[in-house]
**Q** 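Sharing a structure here in structure tokens format.
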Amino acid sequence: MQETQTTPSLSIPSRSSTSTQDRSSTTGQASSTGPQPSKPPTIAPPVNPKGPSSGAGIHRMRRIIAEDTEWSLAIVPLLTELCIQHIVKNFQNNPILKQLLPEHQKKVLSHLPPDLPLAVTANLIDDENYWRRCCMQRWPVCHVDEHGGSWKRMFFELHLENLLKHFIPSTTDPEVILRLLPLCRNYVRTIRVDQFLPPVQLPSPPHDRDQSDSGSEGEMEEPAMDHYQLSDLVAGLDHLEELDLVYGVKDCGMNFEWNLFLFTYRDCHSLAATIKACHTLKVFRLTRSKVDDDKARILIRSLLDHPALEELDLSHNLIGDRGARAAAKLLSHSRLRVLSLANNQVRAPGAQSLAHALVHNTNLLSLNLRLNCIEDEGGQALAHALQTNKCLTTLHLGGNELSEPTASLLSQVLSINTTLTSINLTGNHIGLDGGKQLLEGMSDNKTLLEFDLRLSDIAQESEYLISQALCANREAARQQALNPSHFMSPITAKGPENPAG
């Protein structure tokens, strides 16, 4: 019985051990007889083992090894992702966007390059994130708040301004700008251009040798220096509200010439016709452009009875009394709310004309005449007008050679005027007595919030007491803004009496 039990386990070797013995014997024979011709190894076909010895056959099964070690079924893109990649790749030739679902549109827009042609993207893409990427790529410093908080509007306004700043008359093709109109007409509301390039001047022919070197340059014929005419551009912008222009050249360096800063009469007449035809224009600024009285009158004449203009800024020019007289006429024939003639050549007669217009005006809120020379004669005329005027809130008369007589009348204005909230008299010669009179006027004033008297020769004590009165007015205004009902009259707060009791 014992032999019968042990014999099967010894006489029937396993398949794996047999193959191992065969390989070892073969190896021994090969080593003993010398080198033999190599034969391809014979791989036994897979066996489907059964029974308790099946585990040994698992290690001998053939395996499939991929060429790419990182390949896996888990990272195969979805068909949707493949379609989105194809749309992005071919978007310039086949722009598909509106037909997609909202979530797919968002993915396409997030992958579109920001340098696609505007003819493709302008009227198709409204996504602010896409236009934000376009702006950040071209202008690293972006102030979107200056453009209504819209990145798309900012892109088109800055792009158009860049074209205007680098336009060279008689050299640059005007169609470069006009082709942009159908793409930006619904988005541009502001144009700010701080440079207009003149035409390129050809070198002048050599002079005769016998010509005297002492000849005056003014006797030579002045070349035409007209700039780009804005008429066609502005006429195509349906929502233009602000026009801020400077006729000059930036960074001219060693090529400086006064002709580079010449605002010609042809420029003036063309611009006047342009702003007259733009009925949506609310703000017009033309600064640092050497605008004199005659050109100012041409421009202001075109603005009479303008239906929408609210702000006019002609600061840093050469406007005198005749130009100020034209601006005074404009106050009576427009809805102007802000007028700035700072740093010009306005004197007492021009200030008197403006004062006469202020007496009857009911729209103007801010008047800026700083850095002129209206002196006390003009300052007193304005002070008399403010005793009647009930709408002006901001007055800037800094640097106008004003002295005590003007301060005396302004102290009377402070006692009775209830609309002025800001006055600036910096850089004048108010003096000690003038400061005391202004302090006396402030004792009865409850509405003035800002009163700038720096460099006006008043006493330090008067300036300190005036500042204390201003602080009290500001605190009262703050409390009124927080609790408006508390400052209402008793009848208004309680409402109409009930006759029935």
Side-chain angles (χ1 to χ4, degrees), residues 244 246 283-293 296 299-300 310-328 330-331 336-358 361 364-386 389 391-411 413-414 417 419-431 434-435 438 448-458 463 466-467 470:
D244 190 344
V246 177
V283 179
F284 175 59
R285 299 188 184 99
L286 180 60
T287 59
R288 294 174 288 159
S289 300
K290 301 177 69 174
V291 179
D292 55 16
D293 280 339
L299 293 171
I300 293 175
E310 296 181 357
E311 179 177 348
L312 176 63
D313 188 352
L314 297 176
S315 302
H316 312 291
N317 285 299
L318 305 175
I319 300 174
D321 294 331
R322 294 173 59 234
R325 195 176 301 119
L330 179 64
L331 293 180
L336 206 63
R337 301 171 69 84
V338 179
L339 175 62
S340 180
L341 297 174
N343 193 20
N344 278 283
Q345 300 175 359
V346 180
R347 296 186 177 274
Q352 290 172 342
S353 300
L354 292 171
H356 180 73
L358 283 177
N361 185 271
L364 193 68
L365 300 179
S366 176
L367 176 62
N368 189 342
L369 291 175
R370 69 184 180 92
L371 297 179
N372 284 280
C373 192
I374 65 174
E375 299 181 327
D376 284 323
E377 188 176 356
Q380 288 176 317
L382 290 172
H384 279 298
L386 292 177
N389 182 276
C391 63
L392 195 71
T393 61
T394 303
L395 178 64
H396 199 323
L397 297 178
N400 271 280
E401 300 293 332
L402 304 177
S403 60
E404 181 184 349
T406 301
S408 178
L409 279 179
L410 282 177
S411 66
V413 172
L414 294 175
N417 188 287
T419 57
L420 278 172
T421 59
S422 176
I423 299 178
N424 192 313
L425 296 178
T426 56
N428 288 295
H429 307 289
I430 303 301
L438 292 175
L448 196 66
L449 305 178
E450 297 178 1
F451 199 177
D452 199 339
L453 292 167
R454 291 173 296 172
L455 303 176
S456 57
D457 302 331
I458 70 172
E463 188 173 0
I466 290 175
S467 66
L470 294 173

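Positions are given from 1 along the sequence.
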**Q** State the OG1-CZ distance between T421 and F451, to the nearest 0.5 angstrom.
**A** 12.5 Å

**Q** For L369 and L397, run side chain to side chain contact (heavy atoms under 4.5 Å, CB included): C-alpha distance rounded to whole Å, both residues' side-chain angles, the deciding distance at 0.1 Å, then the answer.
**A** CA-CA 5 Å; L369 291 175; L397 297 178; 4.0 Å; yes

**Q** Looking at Q345, R325, R322, which one forms a side chain to side chain contact (heavy atoms under 4.5 Å, CB included) with D293?
**A** R322

**Q** Does G350 offer a backbone N or O that forms a donor-acceptor pair with the side chain of D321 under 3.5 Å?
**A** yes

**Q** For the atom pair CG (D452) and NE2 (H396), what is the distance rounded to the nearest 0.5 Å?
**A** 7.0 Å

**Q** How close do A355 and A385 get, counting heavy atoms only, and between which atoms?
**A** O-CB, 3.3 Å

**Q** Is there a donor-acceptor contact under 3.5 Å from the side chain of T393 to the main chain of L365?
**A** yes

**Q** Quickly, which of I374, L392, V413 forms a side chain to side chain contact (heavy atoms under 4.5 Å, CB included) with L382? Name it, please.
**A** I374

**Q** State, with a plain yes or no, whether a side-chain heavy atom of I319 is found less than 4.5 Å away from one of D292.
**A** no

**Q** Just wondering, are more than 12 heavy atoms of other shown residues or ligands nearer than 6.0 Å to NE2 in H356?
**A** no

**Q** Find out whether L339 and L330 are in side-chain contact, i.e. whether some heavy atom of one side chain is under 4.5 Å from a heavy atom of the other.
**A** no

**Q** To the nearest 0.5 Å, what is the distance between SG on C391 and CG on L386?
**A** 9.5 Å

**Q** Side chain of N317, backbone of L286: donor and acceptor closer than 3.5 Å?
**A** yes

**Q** Would you check if the side chain of S456 reaches a backbone N or O of L453 as a donor-acceptor pair within less than 3.5 Å?
**A** yes

**Q** Minimum heavy-atom separation for L410 and A383, please, with both atom names.
**A** CD2-CB, 4.1 Å

**Q** So, N389 side chain and T419 main chain: donor-acceptor pair closer than 3.5 Å or not?
**A** no

**Q** Does the side chain of L448 come within less than 4.5 Å of L470's, by heavy atoms?
**A** yes

**Q** Starting at CG of L318, measure out to CG of N344 and round the result to the nearest 0.5 Å.
**A** 7.0 Å

**Q** I need the minimum non-hydrogen distance between I458 and E463, along with the two atoms involved.
**A** CD1-CB, 3.7 Å

**Q** To the nearest 0.5 angstrom, please state how far the CG atom of N424 sits from the OG1 atom of T394.
**A** 10.5 Å

**Q** Assess whether a salt bridge exists between R347 and E377, defined as any Lys/Arg side-chain N lying under 4.0 Å from an Asp/Glu carboxylate O.
**A** no

**Q** Could you tell me which non-hydrogen atom of A327 sits nearest to which non-hydrogen atom of L341, and how far apart they are?
**A** CB-CD1, 4.3 Å

**Q** Side chain of N400, backbone of L402: donor and acceptor closer than 3.5 Å?
**A** no

**Q** Using a distance-only test with no angle check, is there a side-chain donor-acceptor pair under 3.5 angstrom linking D376 and T406?
**A** yes

**Q** Which pair of non-hydrogen atoms, one from A351 and one from G378, has the smallest distance, and what is that distance?
**A** CB-CA, 3.8 Å

**Q** Closest heavy-atom contact between H316 and N343?
**A** ND1-ND2, 2.9 Å

**Q** Could you tell me whether R285 atom CZ has more than 12 heavy atoms of other residues or ligands within 6.0 Å of it?
**A** yes

**Q** Looking at CD of E401 and SG of C373, how far apart are the two atoms once the value is rounded to the nearest 0.5 Å?
**A** 5.0 Å

**Q** Is the shortest heavy-atom distance from the side chain of R337 to the side chain of E311 under 4.5 Å?
**A** no

